[in-house]
Structures are given as C-alpha cells and as structure tokens.
Amino acid sequence: MELTRLGFLKLVGFATSCLAFGGSVWANSDQGGKTNFVTKPKGMLMDLTQCIGCKNCQAACQKQNQLQGGAYAEELSSNAWTVVKTVEVEKGSEKVKRFVRSQCFHCLEPACASACPVKALHKTPEGPVVYDAWKCIGCRYCMVACPFGIPKYEWEKTAPLVTKCLFCSSRLKEGQQPACAAACPTKATLFGNRDELLVEAERRINNNPNKYVNYIYGLKEGGGTSFLFLSDVPFKDLGFPTNIPNTPLPDYTWEVMSKIPGIIAGGGILLTSTYLLTHKNEGESKKKIEGKGA
Amino acid sequence: MGFKFHWTWSRVILLLIMAVGAIATFLRYSQGLGASTNLSDSYPWGLWIAFDVLCGVALAAGGFTAAATVYIFNLKKYHAIVRPAVLTGFIGYFLVAVGLLYDLGRPWFIWHPIIMWQHHSVMFEVAWCVMLYLTVLFLEFCPVIFERFRLEGALRVIHACTIPLVIMGIILSTLHQSSLGSLFLIVPGKLYPLWYSPFLPVFFFTSAVAVGLAMIVVESTLSSLAFKRGLETPLLADLTKALPFILVFYFVIKIADLAARGSLSLLFNGSYESISFLAELAIGVIVPASILSFRNLRQQTVWQFLSCLMVVCGVVLNRINVCLIGMSRSAGQGYVPAWTEFSITLALVSFGVMAYIWITENFPVFEDHGDKAGA
Ligand code: SF4
Ligand code: SF4
Ligand code: SF4
C-alpha cells in the first residue's frame with residue numbers, strides 16, 4: 001500500500017489521538033488504582049462506651065512518637081498528642097464516669113492546613129493531616145484556626161515546632177494500623193476505611209438505639225472528620241465542642257480570599273478612572289503637579 | 001550635609017525604654033517564647049499580634065488615606081499631609097515586620113512565604129501585603145530622600161512613577177487592612193459573636209480609613225507641640241469633616257450586622273465582652289463622631305486632638321477585643337502579657353517615635369522645611 005501524504009497525516013493524527021487517549025486512561029487508572037487500593041481514606045472509630053480508661057493508647061502514642069509527657073498526662077501538650085480524660089457525667093439520675101480520648105480529628109477539610117501560610121500542614125489522600133516541620137515559620141495561625149484546639153506548641157524550645165497527632169502516617173504507609181489502635185484492648189479505638197467505619201457506626205446505633213445517643217460525632221463537624229465518635233451520653237456533657245459549623249471552615253476564608261483578584265482589578269480600574277476624572281481639567285498643569293512629587 | 005540630633009529629656013526616656021527592651025529582646029531569643037512571655041497553648045497569639053501587628057497596621061493607615069485624598073481625589077490643599085503620613089506609614093509597617101520577628105517561633109524562616117505558596121491562607125496574604133506595601137511606601141518616600149541629597153536624576157524617575165505607586169499602595173492597603181479582619185473568619189466557634197461576623201474584613205477596612213485620618217491629626221498636633229513643626233489647625237479641621245461620616249457609616253453597618261445575626265441582645269447582657277464592645281463603640285465611634293460634627297469644636301485644637309485620639313484608642317481597643325478579649329471565653333482562661341512583652345512593644349513604639357523625630361528633623365518632610373520645589 002502506498003502511503004500518500006494525506007494518508008500519512010491521517011496516520012500521524014490517529015497515532016497521536018491514540019497516545020493522548022491512552023495517556024489519559026493511564027493517568028486516570030493510576031489515580032483510580034490509588035483510590036481503590038492504596039489511598040482509600042482511612043479513619044478511626046472511637047466507641048466511648050467500650051473505653052475502659054486503661055490509657056494504653058496514650059502510652060503507645062508516647063512510645064511511638066518518642067514523647068516525654070508520661071502516660072498519665074491529663075491535657076494535650078507538645079509532649080502528649082493524645083490523652084484519655086475521665087469525665088463524670090449525669091446519665092439519667094445517676095452519676096457515671098466516662099473516658100474521653102482527645103487528639104487531632106484529621107478533618108476532611110482541615111482549618112489548620114488552610115490557615116498555614118507556607119503549606120506546612122496538609123491533608124493526605126490517605127487521611128492523615130501531616131506536618132512538614134522544615135517549612136513552618138511558627139506563626140501559630142494553625143493553633144488559632146483549629147476548632148478543636150488541637151495543635152500545641154513547643155513553648156520551651158528556642159526553635160519550637162507545632163505538634164499534634166499525625167495519625168501515625170508513617171505506620172499507615174507501611175500498611176500498619178496506628179500505634180494507639182493496635183494497643184487498644186477493647187477495640188474502643190478501631191482503625192479502618194472511613195466509609196466502612198461509618199457504616200459500622202450506624203449499625204451500632206441502629207442495633208442499640210437505647211444504648212447510644214443518636215449522633216456520630218465527626219460525621220459533619222467542620223465538614224466532617226476522619227475520626228468518628230460514638231457515645232451513650234450527650235457529647236456536649238463530655239466536653240466535645242458542639243458549636244462547630246457543618247460548613248468546612250476553610251470555606252469561610254475562601255469566600256473572601258477568592259475575591260482578591262477581583263479587588264485588585266476592580267480597584268485598579270476604579271482608582272485610575274477616578275484619577276483621570278478628577279484631573280481631566282488640568283491638561284498642561286497636570287504634568288507640573290506630578291513633577292512636584294510626593 | 002551633616003545630620004543633627006538634639007538631646008531632650010523625653011528623648012532620653014525613649015532611649016531608656018529601648019534599653020530595657022534590649023534586655024527583654026535578649027531574654028526572648030535566648031530563652032524562647034515559653035519562658036520569656038505569657039503566651040501559651042490557650043493563647044498562641046498575645047500582645048504582639050494584637051497590638052504590634054493588628055494595631056500597628058491600622059495606625060499606619062494614614063499613608064494610603066492621605067495619598068488617596070491628594071492624588072486620586074485631587075484635593076491639593078491637603079498636599080502637606082502626604083509626606084508625614086507616608087513616613088508614619090513606613091515606620092509603622094517597618095515595626096510590624098520587626099514585631100513579627102519577635103512573635104514568630106522560627107523568625108529566620110520569615111521569608112518562606114515568598115517561595116512556599118498557600119493562596120488559601122489569609123496569613124499568606126498578610127505576609128505578601130506587608131512585603132509589597134513596605135516596598136511601595138519606601139518608594140513613595142524616596143523623593144524626600146532624593147531631595148535631601150539633591151539626586152536630580154533619581155528624583156525625576158521616581159516622580160514619573162508617583163501615580164502608579166499611589167494606586168498600588170491603595171490597593172495593597174485595602175487588601176491588607178481588610179485581611180487582618182479576614183484572619184478571624186476561620187474561628188466562627190471561637191470568637192465571641194459580638195465580634196465574629198462575615199463582614200470582619202469590611203469592618204477592619206472601614207475603621208482603618210477612620211483611624212488613618214485620626215492618626216494624621218494626632219501625629220501632626222503632637223509634632224507641632226513638640227518641635228513646632230506640623231500642620232495648621234484649620235487644615236486639620238477641614239480634614240476631620242469627613243470623620244463623622246465614616247464613623248457613622250461604621251456604626252450603622254456594625255449594628256445592622258448584629259441585628260442581621262440576631263446578636264443585638266448580647267449588647268447589654270452585662271458580660272465582660274458586652275462591656276468591652278460598648279466601650280469600643282463609645283470611645284472610638286459615638287463620642288468622637290458627636291464632637292466632630294460640631295463645626296466650632298472641630299476648629300479648636302484641643303477638641304480636634306482629643307476626639308481623634310479617641311478614635312485611635314477605639315480602634316486599638318477593637319483590635320485587642322477581636323484578638324484577645326473576644327477569644328478568652330473559648331480559650332477558657334485569661335491572659336495578661338508578661339513584662340517582657342510590654343517592654344518590647346513599648347521599645348518598638350519608642351523606636352518609631354525616635355525615627356520619626358530624627359527623620360523629620362533631617363529630611364524635608366514638612367512643607368516649611370526647606371523644600372523649595374514645593375512638594
Ligand atoms: S482537628 Fe485541628 S489540627 Fe486536626 S486536622 Fe482538624 S483543624 Fe487540623
Ligand atoms: S505555625 Fe507553622 S504550621 Fe502553623 S500555621 Fe504557622 S507556619 Fe503553618
Ligand atoms: S494515631 Fe498515632 S499519633 Fe495519633 S494518637 Fe494514635 S498513636 Fe498517637
């Protein structure tokens with residue numbers, strides 16, 4: 001078959017489209033593959049009704065991250081990324097004790113990450129919100145922004161860093177579960193894929209409607225978090241913040257930040273035209289005035 | 001061509017304040033933030049952000065207000081206010097940058113936002129605005145330096161750029177003044193509802209315009225008193241005519257916003273927040289707006305000065321309210337700055353005053369000061 005000029009061009013065109021199509025399929029499949037097998041977002045389900053307050057998770061976190069807070073710290077600090085607090089609450093007519101874990105919730109749209117001016121904090125597709133210490137300038141806006149008050153600072157150091165639970169992201173990469181989940185004797189801290197944990201949480205509530213309060217903490221808070229909580233007493237009584245909007249917090253600032261290009265363009269046009277209007281009668285003298293300077 | 005500097009008692013005192021500040025500075029950098037300040041995990045931001053940064057930027061607003069009045073709206077009779085206002089703006093912004101060096105945990109990385117971008121972050125915008133506007137203010141002030149050293153060529157170049165520089169300066173200021181309010185948009189659950197509003201950036205900008213004008217008056221009256229070099233009372237009276245309008249506008253949008261969010265009842269609930277909020281409005285808005293609406297009061301130096309000083313205090317209180325008092329309930333505890341924090345803040349202010357004095361004494365900032373070209 002003789003290859004004409006037109007035919008050749010067609011062939012080249014066809015080959016190019018094949019490459020482009022193949023390329024896009026490859027790119028997509030790569031991403032799809034990741035979502036399905038590697039990066040399906042992880043989460044944790046903390047069922048407070050199953051927590052016995054042994055603080056094994058706290059000790060495991062200390063060990064895993066080489067912290068010096070001691071396994072019995074009562075408050076989060078740069079040396080205690082998770083703590084188990086004992087809270088006395090009224091349940092019906094009786095006083096009961098509950099054990100409440102607190103740590104970073106790994107928000108789906110984290111306020112801390114959107115606040116950081118240098119992208120030292122970011123949400124990974126796997127779930128953890130991680131911290132690139134070398135970027136941090138120490139402005140502490142992340143601490144102000146976090147609705148749960150989670151990031152803590154190394155105040156005692158002269159080159160301090162921000163600290164918080166990192167969802168054991170290095171263990172996750174190796175296919176292991178977080179140290180705290182591995183240490184939990186009752187499965188009160190359960191690790192898994194967030195969507196499956198959600199189904200499990202709903203199942204528990206539906207099977208025991210008299211036991212649980214009908215609320216999954218973390219489902220909607222601030223647009224949702226990777227860590228989910230179940231409880232048999234109202235979350236408010238346990239000290240969970242209950243005034244967090246369901247809108248992702250970064251949306252509040254983006255509302256304004258996204259207008260900046262418009263403000264620059266609009267402002268430039270407005271100011272220039274005002275200037276031209278107010279100076280239009282000056283003709284020759286205008287040059288002189290400008291010449292006289294600021 | 002030599003520079004002069006006269007020693008007076010007040011200048012000696014300023015210098016002493018700076019000396020104490022130097023000790024506090026040594027403590028800050030040798031011991032870290034924890035040991036040398038009262039900042040904590042509950043109060044990651046304290047006096048330095050509330051006063052040095054938020055108030056510093058607001059009080060430096062005279063620069064863009066004056067430039068807009070004279071160059072954009074072509075009100076030439078106010079020409080004399082531009083140079084002093086730009087100078088204060090420049091010193092103010094310079095001190096904001098220095099204040100940040102104290103506050104940042106890792107100040108040696110202050111340049112990171114230049115190469116590490118996060119355009120969703122208001123802090124990123126703040127960082128860029130400080131850098132760019134500081135540059136613009138410096139360029140706007142350059143004619144004064146070039147005149148002092150009689151650099152004719154450089155003078156011609158910079159004059160050609162005046163208008164673009166002024167426009168850039170106004171846009172940057174608008175962004176920056178409002179962005180300091182936007183910083184708090186991300187804390188809807190933490191900031192007390194009297195202050196939290198989606199209109200925070202608008203409030204910050206409007207109050208900055210007001211305080212810009214007020215600062216020009218305060219500063220000018222003080223320099224007339226201190227070294228017989230300032231602007232005349234009638235000119236300032238004329239300038240302050242605009243203040244009541246801006247203040248009333250501010251007042252109306254503040255109240256309308258509270259009403260729209262259903263928070264009006266919080267105004268008189270007797271909490272410390274409501275008292276602080278009312279104080280801020282009374283001192284900074286209602287009283288000065290009332291005084292300045294009377295023509296004969298406006299024309300007397302004393303009333304003019306006092307009411308503008310009140311506007312300044314009101315805005316300072318507003319920034320402290322938003323950054324510290326309004327956040328205290330969610331922080332679960334109070335915060336009183338350590339002596340080192342006060343000392344460094346005072347030292348920075350003293351440095352600013354000294355710099356202002358020295359520059360106005362040695363450079364043609366005020367009109368009567370050997371500036372033959374007219375300015
Ligand atoms: S809980 Fe706080 S620190 Fe953790 S991801 Fe959410 S905003 Fe960031
Ligand atoms: S303190 Fe560090 S991590 Fe936090 S917002 Fe500032 S630069 Fe980012
Ligand atoms: S996930 Fe890892 S870092 Fe987070 S609390 Fe558990 S052990 Fe600590």
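Numbered from 1 within each chain, the chains take letters A, B, ... in sequence-line order.
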**Asked** In terms of the angle between their ring planes, are B:Tyr196 and A:Tyr252 parallel, tilted or perpendicular, with boundaries placed at 30° and 60°?
**Response**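 Ring orientation, 0 to 90° scale: perpendicular.
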**Item:** For A:Cys136, all residues meeting side chain to side chain contact (heavy atoms under 4.5 Å, CB included), sequence neighbours excluded
**Value:**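 Counting only residues at least two positions away or on another chain, A:Cys136 forms a side chain to side chain contact (heavy atoms under 4.5 Å, CB included) with A:Ala120, A:Tyr131, A:Val162.
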If we only count heavy atoms from C-beta on, is the [X] to [Y] side-chain gap below 4.5 Å?
X: B:Tyr29; Y: A:Thr158; result: no
X: B:Met123; Y: A:Cys139; result: yes
X: B:Ser121; Y: A:Cys116; result: no

Which answer fits [X], side chain, backbone, both or neither, if we ask what part of it has an atom under 4.5 Å from a heavy atom of chain A?
X: B:Val187; value: side chain
X: B:Leu175; value: side chain
X: B:Ser30; value: backbone

Which value, rounded to the nearest 0.5 Å, describes the distance between [X] atom [atom1] and [Y] atom [atom2]?
X: A:Trp254; Y: B:Ile186; atom1: CH2; atom2: CD1; answer: 12.5 Å
X: B:Met168; Y: A:Leu271; atom1: CE; atom2: CG; answer: 12.5 Å
X: A:Leu276; Y: B:Asn74; atom1: CG; atom2: CG; answer: 11.5 Å

**Asked** Between A:Arg140 (side chain) and B:Asp41 (backbone), is there a donor-acceptor pair under 3.5 Å?
**Response**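 Here the side-chain-to-backbone pair does not exist.
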**Request:** Might you work through the side-chain contact (heavy atoms from CB on, under 4.5 Å) test for A:Ile260 and B:His119, ending with a clear yes or no?
**Result:** CA-CA 10 Å; A:Ile260 290 177; B:His119 65 286; over 6 Å; no
**Item:** Steps toward side-chain contact (heavy atoms from CB on, under 4.5 Å) verdict (A:Ile244, B:Lys190)
**Value:** CA-CA 9 Å; A:Ile244 298 172; B:Lys190 285 180 160 182; over 6 Å; no
**Message:** Is the distance between the ring centroids of B:Trp45 and A:Tyr141 under 6.0 Å?
**Reply:**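 A:Tyr141 vs B:Trp45: aromatic centres under 6.0 Å.
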**Prompt:** In residues 101-112 of chain A, which residues are in contact with chain B at a heavy-atom separation under 4.5 Å?
**Reply:**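 Residues of residues 101-112 of chain A touching chain B at under 4.5 Å: A:Ala111.
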**Prompt:** Highest number of heavy-atom pairs under 4.5 Å with chain B: which of A:Asp251, A:Leu277, A:Leu161?
**Reply:**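 Greatest number of close heavy-atom pairs with chain B: A:Leu161.
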**Request:** Considering only heavy atoms and a distance below 4.5 Å, find which of A:His122, A:Lys135, A:Glu156 pairs most often with chain B.
**Result:**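 Between A:His122, A:Lys135, A:Glu156, the count favours A:Lys135.
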**Prompt:** What part of A:Lys152 lies closer than 4.5 angstrom to a heavy atom of chain B: side chain, backbone, both or neither?
**Reply:**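 Contact with chain B involves both backbone and side-chain atoms of A:Lys152.
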**Message:** Within the supplied structure, the quantity of interest is the number of heavy atoms (other residues, nucleotides, ligands) at a distance under 6.0 Å from A:Asn214 CG; does it exceed 12?
**Reply:**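 Check fails, neighbour count at 12 or below.
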